[in-house]
Amino acid sequence: MMKKEIFEPFNISDNNFEQCVKCTICTVYCPVLEVNPDYPGPKQSGPDGERLRLKDPGFYDEALKLCLNCKRCEVACPHGVKIGDIIQMARIKHSKKKPKFRDMILANTDIVGSMASTFAPLVNPMVALKPVRRIMDGVLKIDHHRIFPKYAGMRFETWYRRYAAKKQMDFKKHVSYFHGCYVNYNFPQQGKDLIKIMNAAGYGVHLLEKEKCCGVALISNGLIKQATKQARHNVEAFKKSIIDKKMPVISTSSTCIFTIRDEYPHLLGVENNEIRDESELATRFLFRLVDSGKLKLVFKKNYKKRIAYHTPCHMEKLGWSIYSTSLLRMIPGVDFVSLESRCCGIAGTYGFKKENYETSQGVGKPLFDQIDSSDVDFVATDCETCKWQIEMSTSRSVQHPISILAEALDVEATMKLWQNESAEISL
Amino acid sequence: MKFDNIIIGGGLSGLTCGIKLAEQGRKCAIVSSGQSAIHFFSGSFDLLGQVNGEEVSHPIEAIKNLADTHPYQRVGIENIGRLAEEAPQLLNRAGLKFCGKADQNHFVLTPMGVMKPSWLTLDDFTCFDQKHSFPWKKVLILNFSGFLDFHTLFVKDGLKKFEVDSQIKNIAMKAFEAIRKNPSEMRSTNIAKVFDKGDVLDEFVKKANLLSEGFEVIILPSVFGLFNKKVVDELKAKVNKPVVLVPAIPPSVPGIRSQMLLSRRFQELGGTFFMGDNVEEGYFENNRLMDIRTNNHGDIKLEADAFILASGSFYSKGIVATHDKLYEPIFGLDIDGDTDRSQWLDEKFFKDQPYMHFGVKADSNFRALMKGQAIENLYVAGSVLGGANALKEGSGAGISLLTSLHVVEQILK
């Protein structure tokens, strides 16, 4: 085995931008620059601008808020410059703009979510009304084109405690589930689908000791103190599961898991060494089991669908879309269409803001065109905000790979395989 | 995760290996730490332009005069001709069209205004038969107002040697005002994106036709057809004079298009492209590389029967030099290069610099050496090989293409 330590790249200072060779490749792959020339581009905003800002913070340009934080510049960079992180850190350090009331509403997905889901029968029809959307547009500057995701009447956590918690003890192996705000307040079905699959694979699924929103929207809206507090809380909750109970944590949201693994240490300075390796996406967890021969999935014979997979930006950065697509390709009745990996333009709360609407839709257009001409039954993706954007901007609906697997899986046949095996072992 | 073959490096060499293996039905993956040097592609692939300071007219002939340690010699004179025929065919299947032959160099007009010998030139550009003459006498050099990456005066000065009367003019158009606002972002790719959208070419052609009255030919920077090659063809069809495109400062528009076509071809053949990932270490057993661990995939190791290291030279960090050491950063393979730093450089900048010849040591079958032992299933291809000063010789693309095809033949044997 080679030891990697001796081959760390030589860096003259602590600044990662020293690795930049000014090749400009990042600027080719910036989706914002392509549609909005007011944005100075990743090279100028990142490594080039950082040198100036070190001399004098007065060089900070508020136009950096136009960055989507898609990290496609980092994926393209051949020299490992953390361009996206440099830009986000500059915003955190230097931005003088105070978050608006609107930004706080958009960023506090869990507080707003818990209120809205309590009054879901009232809130859902209200925010769907045109006059209400006009007022939100005029007063809050939340673009009226946007359709808010519906809030569920019963939260996922409530459902879990009432109907699922007890059964989880029947299994020998266990994982914790970081469900995230979307599953909890808007779409509990996705969480139910995950439990169905994990149970079929022989794993009991548990909630963390009070998870908090990962904080991705707080970071992008400049609410750093609050984001840091929530990050610390979550890392402790993960530790209890991973270290104390030896239960890895899985999630169904690519952005939540990306934030927890990478943005916590890079942007918030919250150390996550002890939990990072065992915090991952459910599709990666399942793929590993299948790939190493520890799990065999049996699928229904009558499931037949043509599905296109969209790679969310944070999946591109994680490099993990292969896990989701490999699992989908295992379903015999799936006619799989791969879409060219492009940003959909929503970037969480970015696209909800009136001032970003045009950029957001401009960025997404090539993807929308691909989807509309792909003749598929629906689109699969791992990110909830990509789902909203694609459903609003194309003629196709979107499903999470886990929900697709849950529908296509023959649960009993899958369970029988490992039940028989463990019976044999115990004999 | 199991593949038949894994290639480390997604540049010209890695993609050539990947495409050829995938065409033979191999399940392949490419791991690339980011986008590659194809983004700096001038539009021409050189096989051999210079040997011992003498310009080469017939590359295949001239290869015989190279040192025994040169990658071409190691591929073998008996193989070079055949592989040099095969390379453009492979590129062609990916949608890239070239002019040029391996037994006779042609010439291309460089941004410095000189004629440079070359092997394969992308059909965006113009191939010339003569080094010392230019087919036209009255030349218009046309640029975009505010575009700093095309140095028109160099071209004009260069053309003077051919007794050509050339004039420089600029075109300003409303469509480019938005990108001009930010001078650092007025790049060839951003201009190309405006043309790609489809509605400004006609206006541009109209202006170009008007400005070129009284001229025989128009020279333009190569800023056409990033995602859509049709823009180039349409430009040439609609402008009423011959158009000669000249490469601009990178990022290169035809280069990025080529990269996209090649990686698309690889993926359409079933290949998996891991972009933006780094190989952190390899696990060796009995002189075989069993699997590699990457940054993104962590404990989910990537396994293969055979691996190819096509990680590039210094610029792509395929090999690295620090103040006191020279090393191959992924596996710590043996390096063919001087351990004494004082021997790395020649003080005379334009001399044949010794460090340019450094690369990973490989046996006669192009298998990498580690502590003097050949790793049975780890092959080396492209510029990480060393043994040549590609810059001096004009041999970079040729070495990438031909060593890659050769290595794949070793694997398929």
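Reminder, nothing fancy here: chain letters follow the sequence lines and each chain counts from 1. Heavy-atom basis, side chains included; hydrogens, waters and symmetry copies ignored.
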Original post:
Are A:Asp61 and A:Gln44 close enough, and set up right, to give a side chain to side chain donor-acceptor pair (under 3.5 Å), and what steps lead you there?
Top reply: CA-CA 10 Å; A:Asp61 183 349; A:Gln44 180 62 34; over 6 Å; no
Original post:
For the ring pair B:His297 and A:Tyr323, is the centre-to-centre distance below 6.0 Å?
Top reply: yes
Subject >> Nearest non-hydrogen partners of A:Thr283 and A:Ser324, listed with the distance >> reply: OG1-OG, 3.2 Å
**OP:** Measure A:Leu318 against the heavy atoms of chain B and call it side chain, backbone, both or neither at under 4.5 Å.
**Re:** backbone
Subject >> Ion pair check, B:Lys2 and B:Glu303, cut-off under 4.0 Å >> reply: no
**OP:** Please state whether the side chain, the backbone, both or neither of B:Thr294 comes within less than 4.5 Å of a heavy atom of chain A.
**Re:** neither
Subject >> Under 4.5 Å from a heavy atom of chain B, the part of A:Tyr39 involved >> reply: backbone
Subject >> Identified side chain to side chain contact (heavy atoms under 4.5 Å, CB included) counterpart of B:Val360 within the set B:Leu333, B:Ile330, B:Asp334, B:Leu378 >> reply: B:Leu333
Original post:
Between A:Ser374 and A:Asp372, is a side chain to side chain donor-acceptor pair (under 3.5 Å) present by the stated rule, with each step listed?
Top reply: CA-CA 6 Å; A:Ser374 65; A:Asp372 278 328; over 6 Å; no
Subject >> Selection from B:Lys197, B:Met1, B:Arg293 maximising heavy-atom pairs under 4.5 Å formed with chain A >> reply: B:Met1
Subject >> Which atoms of A:Lys317 approach chain B - backbone, side chain, both or neither, heavy atom under 4.5 Å >> reply: backbone
Original post:
Picking from A:Cys77, A:Ser338, A:Ser292, which has the most non-hydrogen pairs under 4.5 angstrom with chain B?
Top reply: A:Cys77
Original post:
Is chain A contacted by the side chain of B:Thr189, its backbone, both, or neither, given a heavy-atom distance below 4.5 Å?
Top reply: side chain
Original post:
If you look at every heavy atom in A:Phe238 and A:Ser279, which pair is closest and at what distance?
Top reply: CD2-OG, 3.3 Å
Subject >> Proximity breakdown for A:Cys23 and chain B, heavy-atom pairs closer than 4.5 Å >> reply: both
Original post:
Quick one: what part of B:Tyr315 sits under 4.5 Å from any heavy atom of chain A, side chain, backbone, both or neither?
Top reply: both
Original post:
Are A:Lys71 and A:Asp85 ion-paired here, with the side-chain N under 4.0 Å from a carboxylate O?
Top reply: yes
Original post:
Relative to chain A, which segment of B:Pro250 carries a heavy atom at a distance below 4.5 Å: side chain, backbone, both, or neither?
Top reply: backbone
**OP:** Under 4.5 Å heavy-atom distance to chain B, tell me which part of A:Asp38 shows up: side chain, backbone, both or neither.
**Re:** side chain
Subject >> Top contributor to chain B contacts, counting heavy-atom pairs under 4.5 Å, from A:Arg284, A:Lys43, A:Glu340, A:Glu316 >> reply: A:Arg284
